[in-house]
Amino acid sequence: MVIADLAPATIDQAIACILSQHELARQPKPNTKTARHALRGYKRRLLEDGWRQRKAPPILPEQLQAMVAALPRTVAGMRDQFILVVGWWMMARRPELVALNDVDLRFVKEGLEVYVASSKTDQEAHRTVRPLP
């Protein structure tokens, strides 16, 4: 994969997929220590050559307004509007939004409280409540 000039994150994802497939097939997991060691060296060489991981730019309020305005006035469109606006205010990752249920939302005088069971930054699942205006 290093020969194919793939990004380190792509290679890491491929390793995770291999491990997942072994688990699903109830097969012993392969030892990935050597592969991960090689990946660290590859990433170090890329960084020395000036490579930087690409990060998506944030969505600005004007862009969010345009996205919401472009959605159809249907039940699905209203759902998508809600997901976009709540996700933007929460600065949520996709898995956090997908995991939300109606019982995770509570309307209060100040706005909306969103109960987040777990997230990438809270892997121990301390279950946080995020207030939204």
Side-chain angles (χ1 to χ4, degrees):
M1 288 188 186
V2 172
I3 296 170
D5 200 29
L6 297 174
T10 303
I11 298 170
D12 191 47
Q13 188 175 32
I15 293 170
C17 288
I18 291 167
L19 290 171
S20 178
Q21 287 301 311
H22 276 77
E23 187 176 324
L24 288 172
R26 292 192 166 90
Q27 297 295 314
K29 289 185 180 180
N31 185 342
T32 60
K33 187 175 181 179
T34 304
R36 294 206 185 270
H37 181 72
L39 179 57
R40 278 194 301 276
Y42 174 58
K43 190 172 185 178
R44 194 172 22 258
R45 281 193 307 279
L46 285 175
L47 291 171
E48 288 169 359
D49 291 344
W51 176 85
R52 296 293 177 258
Q53 186 166 353
R54 183 176 45 111
K55 293 187 178 186
I59 295 173
L60 301 175
E62 302 80 31
Q63 294 169 317
L64 178 65
Q65 288 174 340
M67 292 164 70
V68 167
L71 290 168
R73 300 294 176 235
T74 62
V75 172
M78 290 170 49
R79 174 206 60 208
D80 294 346
Q81 288 176 13
F82 180 82
I83 290 170
L84 283 171
V85 172
V86 168
W88 188 81
W89 274 103
M90 286 177 57
M91 293 186 284
R93 292 179 169 86
R94 183 175 40 219
E96 294 170 351
L97 289 173
V98 170
L100 290 179
N101 292 307
D102 59 342
V103 296
D104 298 327
L105 308 172
R106 191 172 78 143
F107 292 93
V108 293
K109 187 174 72 173
E110 297 81 14
L112 179 67
E113 289 183 343
V114 181
Y115 171 80
V116 181
S118 68
S119 70
K120 182 177 177 181
T121 57
D122 178 26
Q123 296 194 357
E124 284 80 39
H126 290 114
R127 298 173 175 86
T128 59
V129 175
R130 297 191 190 165
L132 305 180

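In this structure, the side chains of Q81 and R73 come closer than 4.5 Å at one or more pairs of heavy atoms.
At most 12 non-hydrogen atoms from other residues, nucleotides or ligands lie less than 6.0 angstrom from CD of Q13. Within 6.0 Å of CZ on R94 lie no more than 12 heavy atoms contributed by other residues, nucleotides or ligands. Other residues, nucleotides and ligands place more than 12 heavy atoms under 6.0 Å from the CH2 atom of W88.
Using a 4.5 Å cut-off between side-chain heavy atoms of Ile, Leu, Val, Met, Phe, Trp and Tyr, with links allowed through other members, F107 and V85 fall into the same hydrophobic cluster. Both F82 and V116 are part of a single hydrophobic cluster, where members link through side-chain heavy atoms under 4.5 Å apart. Under the 4.5 Å side-chain heavy-atom criterion for grouping Ile, Leu, Val, Met, Phe, Trp and Tyr, L97 is connected to L105 within one hydrophobic cluster.
Remark: R79 pairs with no residue by the side chain to side chain donor-acceptor pair (under 3.5 Å) rule, at least two apart or across chains. Remark: Q65 engages no residue in a side chain to side chain contact (heavy atoms under 4.5 Å, CB included) (not counting sequence neighbours). Take T74 and apply the side chain to side chain contact (heavy atoms under 4.5 Å, CB included) test, not counting sequence neighbours, and it matches P72, A76. Not counting sequence neighbours, the partners of E110 by the side chain to side chain contact (heavy atoms under 4.5 Å, CB included) test are V108. For R44, there are no side chain to side chain donor-acceptor pair (under 3.5 Å) partners, not counting sequence neighbours.
Sequence neighbours left out, the pairs with a member in residues 29-43 that pass salt bridge (charged side-chain N to carboxylate O under 4.0 Å, His left out) are D12-R36, E23-K29.
Among all heavy-atom pairs drawn from I15 and A35, the shortest one is CD1-CB, 4.0 Å. In terms of heavy-atom proximity, I59 sits nearest to L64 at CG2-N, 3.7 Å. Contact between L100 and M90 at its shortest, heavy atoms only, is CD1-SD, 4.5 Å. The minimum heavy-atom distance between P30 and L19, with the atom names listed, is O-CD2, 3.8 Å. Of all non-hydrogen atoms in L71 and L84, the two that sit nearest each other are CD1-CD1, 3.8 Å.
The backbone N or O of R93 lies less than 3.5 Å from a partner atom in the side chain of E96, making a donor-acceptor pair.
Rounding to the nearest 0.5 Å places CD of E113 at 12.0 Å from CG of D104. Between atom CG of residue L39 and atom NE2 of residue H37 there is a gap of 11.0 Å, rounded to the nearest 0.5 Å. Note that the OH atom of Y42 and the CG atom of L47 stand 11.0 Å from one another [nearest 0.5 Å].
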